[in-house]
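Following: one structure in structure tokens, then a few remarks.
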Amino acid sequence: MLEESALFTAIGSIFKDVPPQVMFEIARKGLDAYVKNGFTTVQEERADQGTTEMWQALAKQNQLPIDVVSYPDITTSQEYMLKQGSSRQYDHHFRIGGVKISLDGSPQGKTAWLTQAYKIPPEGKDKNYKGYPAIKDDQQVDQYINVAFKHGWQVLVHANGDAAIDQFIGAVKDATAKQGKADRRSVLIHSQTIRDDQLDQLKALDIIPSFFSLHTYYWGDWHRQQTLGETRAAHISPTATALKKNLIFTEHHDAPVVPPHSMMMLDATVNRVTRSDYVLGADERISPYLALKSMTDWAAYQYFEDQYKGTLKQGKLADLVILDKNPLTVPSREIKKIKVLATYKEGKFIYQQYSK
């Protein structure tokens with residue numbers, strides 16, 4: 001059994017032997033899946049030098065129909081980033097947006113780092129098992145975040161458990177004290193078990209939570225019964241609470257963990273219905289309009305691209321999709337059935353669903 005860092009190390013060693021043309025084909029297939037689901041900006045998170053250079057090569061060959069932003073892993077690619085740096089400008093639809101760091105695992109795998117014990121621990125663990133950090137040394141995490149702040153790299157941090165979120169908040173406070181305040185738009189990826197007091201700290205530190213509301217569908221029942229219990233499970237991806245605290249947030253699907261299905265993302269954020277048709281955390285449901293903003297307007301802000309993306313306005317890029325039904329007016333439980341009929345990038349038609 002390989003978990004988290006051990007698994008990624010093995011995968012990384014395997015992919016080094018995959019021929020470049022095969023990697024290119026995998027990338028193109030991935031882009032096709034996104035385009036068909038109406039995405040016009042995507043990211044390669046926790047990238048390495050080889051993956052980033054692959055996207056650069058595809059970009060130079062004019063093979064990127066949509067914008068791709070890479071975030072190399074700062075723990076393995078720091079020297080590469082010191083040479084390359086990040087950019088807010090695209091070159092043939094590609095740019096390096098900043099860096100990624102992972103601080104724990106996943107709640108469904110019982111590897112997320114929590115402050116309270118799992119409801120049912122994994123086999124071989126005692127009742128006090130709370131998961132574990134990806135990086136045990138807080139000072140090491142502080143150092144990584146400080147380097148990123150010093151060089152102006154946007155930071156995306158994987159943290160599912162509230163203990164891992166505490167570790168990141170502490171690192172941001174430390175780096176801000178050393179480097180001063182700035183418009184950095186650091187992003188807390190997943191934020192699954194974030195506490196209300198932590199949401200307050202995100203607001204104070206200008207950190208954007210990116211929620212994984214699709215968890216309510218795919219693993220909601222598992223979280224209730226196995227990982228978190230009813231009360232904590234009902235509070236995963238607390239979008240309504242974030243809004244009450246005047247926090248903007250974004251939504252994601254974390255492919256290939258789950259498929260890049262845009263309407264499923266929207267549906268889960270609005271309805272929070274599990275696979276057994278149970279409403280998980282009714283108080284955290286939000287309106288379709290605000291859920292759409294998290295995937296468009298606020299997402300553009302997260303990327304520092306709100307001046308030319310995210311809303312339909314004269315002077316902005318015509319990145320848009322045509323849907324067969326209006327998500328603002330259909331019954332909310334029907335949102336996931338909405339189909340993407342066409343996708344446009346900068347006003348250029350790049351996909352159409354053909355009727356059978």
Side-chain angles (χ1 to χ4, degrees), residues 5 8 12 41-57 59-60 67-104 133-159 164-191 201-210 248 250 252 298-309:
S5 297
F8 288 114
T41 302
V42 297
Q43 66 179 237
E44 177 74 77
E45 279 198 1
R46 205 176 184 183
D48 57 14
Q49 179 175 344
T51 307
T52 301
E53 290 177 347
M54 176 198 69
W55 288 115
Q56 288 174 323
K60 291 177 180 179
D67 290 336
V68 177
V69 190
S70 180
Y71 290 88
D73 187 333
I74 193 172
T75 67
T76 60
S77 303
Q78 184 171 317
E79 291 303 315
Y80 173 71
M81 282 298 296
L82 288 171
K83 295 176 182 178
Q84 292 294 313
S86 62
S87 174
R88 305 259 174 93
Q89 305 298 319
Y90 285 97
D91 182 2
H92 295 84
H93 296 296
F94 176 79
R95 68 182 177 93
I96 299 175
V99 292
K100 177 78 180 287
I101 186 171
S102 294
L103 299 183
D104 70 344
I135 304 173
K136 294 181 180 180
D137 187 351
D138 290 347
Q139 291 185 342
Q140 180 66 71
V141 176
D142 292 350
Q143 182 180 346
Y144 285 132
I145 303 304
N146 186 63
V147 169
F149 278 24
K150 179 179 179 180
H151 293 280
W153 305 334
Q154 186 184 24
V155 178
L156 274 59
V157 175
H158 166 117
I165 295 170
D166 279 335
Q167 188 182 47
F168 176 52
I169 288 172
V172 170
K173 288 180 178 178
D174 178 77
T176 301
K178 293 176 179 176
Q179 303 300 331
K181 291 186 177 182
D183 183 12
R184 297 188 173 96
R185 305 185 196 182
S186 302
V187 185
L188 184 59
I189 303 293
H190 305 324
S191 316
Q201 294 185 77
L202 296 198
K203 179 67 176 178
L205 295 169
D206 194 28
I207 299 171
I208 301 170
S210 185
I248 67 165
T250 60
H252 64 271
W298 297 340
Y301 176 84
Q302 175 183 300
Y303 279 91
F304 291 92
E305 297 178 5
D306 46 307
Q307 295 300 311
Y308 56 94
K309 288 182 183 178

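Counting begins at 1 with the first residue of the sequence.
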**Close side-chain approach of Ile165 and Val157, heavy atoms under 4.5 Å** = no

**Prompt:** Taking all non-hydrogen atoms of both residues, which atom of Lys309 and which atom of Glu305 are closest, and how far apart?
**Reply:** NZ-OE1, 2.6 Å

**Message:** Is it the case that the side chain of Asp91 and the backbone of Phe94 share a donor-acceptor pair, with hydrogens and angles ignored and the cut-off at 3.5 Å?
**Reply:** no

**Asked** Closest heavy-atom contact between Asp48 and Ser77?
**Response** CA-OG, 3.8 Å

**Contact summary for Ala47 and Thr52, nearest pair of heavy atoms** = CB-OG1, 3.6 Å

**Request:** Answer yes when Asp174 and Lys178 have at least one side-chain N-carboxylate O distance shorter than 4.0 Å, and no when they do not.
**Result:** yes

**Prompt:** Could you go step by step and tell me if Glu79 and Leu82 meet the side-chain contact (heavy atoms from CB on, under 4.5 Å) rule?
**Reply:** CA-CA 5 Å; Glu79 291 303 315; Leu82 288 171; 3.9 Å; yes

**Message:** Below 30° counts as parallel, above 60° as perpendicular, anything between as tilted: where do the rings of His190 and His158 land?
**Reply:** perpendicular

**Request:** Grab the two heavy atoms, one from Gln302 and one from Ser210, that are nearest each other, plus how far apart they are.
**Result:** OE1-CB, 4.2 Å

**Pairwise distance OG1(Thr51) to CD(Glu44) - rounded to 0.5 angstrom** = 5.5 Å

**Item:** Name of the residue among Val187, Leu188, Val69, Val99 meeting side chain to side chain contact (heavy atoms under 4.5 Å, CB included) with Leu156
**Value:** Val187

**Asked** If you take all heavy atoms of Phe304 and Arg184, which pair is closest and at what distance?
**Response** CZ-O, 3.3 Å

**Message:** Any carboxylate oxygen within less than 4.0 angstrom of a Lys/Arg side-chain nitrogen, looking at Asp73 and Arg46?
**Reply:** yes

**Message:** So Tyr80 and Ile96, do their side chains get closer than 4.5 Å, heavy atoms only?
**Reply:** yes

**Message:** A side-chain contact here means heavy atoms from C-beta on lying under 4.5 Å apart; do Ile74 and Met81 qualify?
**Reply:** no

**Stepwise side-chain contact (heavy atoms from CB on, under 4.5 Å) check, Leu202 with Ile208** = CA-CA 7 Å; Leu202 296 198; Ile208 301 170; over 6 Å; no

**Message:** Could you tell me if the side chain of Thr176 sits less than 4.5 Å from the side chain of Lys173, heavy atoms only?
**Reply:** no

**Asked** Roughly how far, to the nearest 0.5 Å, is the CD atom of Gln84 from the CH2 atom of Trp153?
**Response** 11.0 Å

For residues 135-151, which side-chain N or O atoms pair as donor and acceptor with protein atoms under 3.5 Å away, sequence neighbours left out?
| unit_1 | atom_1 | unit_2 | atom_2 | d |
| --- | --- | --- | --- | --- |
| Asp137 | OD1 | Gln139 | N | 2.9 |
| Asp138 | OD1 | Gln167 | NE2 | 2.8 |
| Asn146 | OD1 | Gln179 | NE2 | 3.0 |

**Message:** Just so I know, are the side chains of Gln49 and Lys83 near enough to count as touching, which here means a heavy-atom distance under 4.5 Å?
**Reply:** no

**Request:** Identify the heavy atoms of Arg95 and Tyr303 that sit nearest to each other, and give their distance.
**Result:** NH2-O, 3.0 Å

**Message:** Test of understanding: with ring pair (Phe, Tyr, Trp, His ring centres under 6.0 Å), list the residues that count as partners of Trp298, not counting sequence neighbours.
**Reply:** Phe249

**Message:** Show, in sequence, the C-alpha distance, side-chain angles and deciding distance for Asp104 and Phe168, and conclude whether the side-chain contact (heavy atoms from CB on, under 4.5 Å) test is met.
**Reply:** CA-CA 11 Å; Asp104 70 344; Phe168 176 52; over 6 Å; no

**His93 vs Val68, side-chain contact (heavy atoms from CB on, under 4.5 Å): CA-CA, chis, key distance, verdict** = CA-CA 6 Å; His93 296 296; Val68 177; over 6 Å; no

**Side-chain donor or acceptor of Gln154 paired with backbone N/O of Arg185 under 3.5 Å** = yes

